[in-house]
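Just follow the structure's listing: the first ligand is 1, and inside any ligand the first atom is 1.
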Amino acid sequence: MDKNLLKKIKGKLEKEKERLEKTLASFAEKDKKLKGDWDTRMPKMDSGRLEEETDEVEEFSNLLPIENTLELELEKINLALKKIKQEKYGICEKCKEPIPQIRLKIYPQAKYCKKCEVK
Ligand SMILES: [Zn+2]
């Protein structure tokens, strides 16, 4: 792959990683025991007002799926960065064919080519 393009993609991935980590940190804590895992902060149940507490529980359950999505995305980005380091970036994990550059430009953390992704 073209070195300049790879550098651009790496920059994009690093920026995206930072953005995701910031978003996650705004409502979740990094799990110290499990690398790459985040835990959404539990609502504090000490306001004494039931209505407020119900809202917070609802917010908590709304955040959980978001946390999972962001976590998965972050994992993909870390993997892509690792592959760049190992000079294995841009190869589809299923068919082992190079992923088209146009796809990598749009979605640099892609693990599969378009054909394998939809399967
Ligand atoms: Zn493929």
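Considering only residues two or more places apart in sequence or on other chains, Lys8 meets the salt bridge (Lys or Arg N to Asp or Glu O under 4.0 Å) condition with none of them. Partners of Lys111 by side-chain hydrogen bond (donor to acceptor under 3.5 Å, both in side chains), not counting sequence neighbours: none found.
Atom CD of Glu14 has more than 12 heavy atoms from other residues, nucleotides or ligands within 6.0 Å.
Residues Tyr107 and Lys114 have side chains that never bring a donor and an acceptor to within less than 3.5 angstrom of each other.
Counting only protein atoms, the N, O or S atoms lying less than 2.8 Å from the Zn ion (ligand 1) are Cys92 SG, Cys95 SG, Cys113 SG, Cys116 SG, ordered by chain and residue number.
Pairs of residues two or more places apart, or lying in two chains, that qualify as salt bridge (charged side-chain N to carboxylate O under 4.0 Å, His left out) and include a residue from residues 96-110 are Arg103-Glu117.
Relative to the six-membered ring of Tyr89, Lys83 misses at least one condition, a distance below 6.0 Å or an angle of at most 45° to the axis.
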